[in-house]
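All remarks here apply to the structure that follows.
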Amino acid sequence: MRAGSADSADDAGGDGLSRRGWLLLVAATVVVGAALLGVGISATGLSAGGAGGAGAAGSSTSPTVAKHIPEPGSAPVPRGLPPRQTRTPVATVPSQPVGSLAPGACLQTYDSKWADAYPVVDCSQPHIAQLLATGRLPQAADETFPGTDALDKQVSDLCEPSLDWDWVAVWNEDVQLDLRYPNTPEHWATGARTYYCIVYTYSRNELTGSARAAR
């Protein structure tokens, strides 16, 4: 899973994986590494018939090396980021102001985390993104702007408990998390402290169901 902060939602790079996302990715890498190591060990092993025959005959010839050809698909392969959908979803319902949205709202279309409003549908209907969580940062109105790195970590930590990790396991590294908060010193100085966490997929798949953890 990749998290986005001050960049637009179309930025495929994001700002890095969450701690849980890293665990998922590392686990997949370990499995692949173990499988490849097993293939390498098998490829260097001796065939039973070749070794026995050499010993019985007293021959000085080298034993036969058994050839091992792995079966296709025998080891898991990380999927990587799939190509983005070419079809652009079109909103069929009125948009609602972002400040009026409740956590869990499913967004029929999603172009940017900075939009003023989004079309909201029932999560059982196809949608592109979901408002995972929203709240208010605890810093006082007169507190100095802490910087985007610190705010990325703070907001990410606030968002992660709301994410259904079984849902993440299905979509794997295709999962994107946008973090919206007052991300400039000027915006911060106005006293704004509201944050939003929006989850979607890089490939812009139309989703059904909720990515929000049950409460």
Side-chain angles (χ1 to χ4, degrees), residues 1-35 73-93 98 101-115 118-135 152-153 155-181 195-215:
M1 179 184 75
R2 298 175 183 271
S5 60
D7 298 327
S8 71
D10 290 329
D11 182 2
D15 290 316
L17 298 174
S18 67
R19 292 191 298 272
R20 185 64 178 267
W22 275 115
L23 290 177
L24 289 172
L25 186 57
V26 169
T29 303
V30 169
V31 170
V32 174
S74 61
V77 178
R79 180 176 63 178
L81 291 176
R84 291 197 174 187
Q85 301 293 329
T86 55
R87 185 177 69 84
T88 302
V90 177
T92 60
V93 298
V98 64
L101 302 184
C106 287
L107 315 180
Q108 188 179 36
T109 62
Y110 182 70
D111 297 322
S112 170
K113 65 182 178 181
W114 299 115
Y118 298 99
V120 177
V121 296
D122 188 275
C123 290
S124 63
Q125 300 180 30
H127 55 275
I128 297 298
Q130 184 174 10
L131 176 61
L132 202 62
T134 182
D152 276 350
K153 183 180 185 309
V155 176
S156 179
D157 288 344
L158 292 169
C159 293
E160 285 189 15
S162 298
L163 188 59
D164 182 348
W165 289 100
D166 289 334
W167 184 90
V168 172
V170 171
W171 293 99
N172 208 344
E173 60 264 47
D174 197 15
V175 175
Q176 305 285 301
L177 182 62
D178 268 353
L179 311 177
R180 173 172 173 167
Y181 54 80
Y195 69 87
Y196 302 88
C197 317
I198 302 171
V199 67
Y200 63 104
T201 62
Y202 169 81
S203 55
R204 294 297 199 279
N205 269 289
E206 285 190 315
L207 310 170
T208 55
S210 177
R212 194 165 186 261
R215 296 295 179 112

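Atom set for the values below is all heavy atoms of this structure, side chains included, hydrogens, waters and symmetry mates excluded.
Every residue was checked against the side chain to side chain donor-acceptor pair (under 3.5 Å) condition with Gln125, not counting sequence neighbours, and none meets it. Checked against side chain to side chain donor-acceptor pair (under 3.5 Å), Ser210 has the following partners two or more places apart in sequence or in another chain: Gln130.
For the pair Asn205 and Leu207, the minimum side-chain heavy-atom distance is below 4.5 Å. Proximity of Ile128 to Glu206: side-chain heavy atoms (C-beta onward) are separated by under 4.5 Å at one or more points. In this structure, the side chains of Val121 and Leu107 stay at 4.5 Å or more apart for every pair of heavy atoms. A 4.5 Å side-chain heavy-atom check between Gln108 and Thr92 finds at least one atom pair inside the cut-off. Taking the side chain as every heavy atom from C-beta outward, Tyr200 and Val175 never approach each other to under 4.5 Å. Side-chain contact between Thr109 and Val90 is absent, with no heavy atoms from C-beta onward closer than 4.5 Å. Contact of the Leu177 side chain with the Cys159 side chain is registered, since non-hydrogen atoms from C-beta on lie closer than 4.5 Å. Under the 4.5 Å side-chain criterion, counting only non-hydrogen atoms from C-beta, Val98 is in contact with Arg180.
With Arg84 contributing its side chain and Tyr202 its backbone, the two residues share a donor-acceptor pair below 3.5 Å. No donor-acceptor distance shorter than 3.5 angstrom exists from the side chain of Arg204 to the backbone of Gln85, with no hydrogens or angles considered. Using modelled atom types, one side-chain atom of Thr134 and one backbone atom of Tyr195 make a donor-acceptor pair closer than 3.5 Å. Listed for the Asn172 side chain is no donor-acceptor partner under 3.5 Å among the backbone atoms of Asp174.
Tyr110 and Asp178 form a side-chain donor-acceptor contact under 3.5 Å, judged by distance and modelled atom types alone.
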Hey, mind stepping through Leu131 and Cys197 against side-chain contact (heavy atoms from CB on, under 4.5 Å) and telling me if it holds? CA-CA 6 Å; Leu131 176 61; Cys197 317; 5.7 Å; no
Mind running side-chain contact (heavy atoms from CB on, under 4.5 Å) on Val199 and Leu163 for me, showing each step along the way? CA-CA 9 Å; Val199 67; Leu163 188 59; 4.3 Å; yes
Dump the intermediate steps for side-chain contact (heavy atoms from CB on, under 4.5 Å) on Tyr181 and Asp152, then the final yes or no. CA-CA 9 Å; Tyr181 54 80; Asp152 276 350; 2.7 Å; yes
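Residues Ile198 and Ala129 approach most closely at CG2-CB, 3.9 Å, considering heavy atoms. Shown here for Ala133 and Ser162, the closest heavy-atom pair between the two residues is CB-OG, 3.7 Å. Summarising the geometry of Pro82 relative to Ser203, their closest heavy-atom pair is CG-CB, 3.6 Å, with the distance given to 0.1 Å.
Between Tyr118 atom OH and Cys106 atom SG the span is 14.0 Å, to the nearest 0.5 Å.
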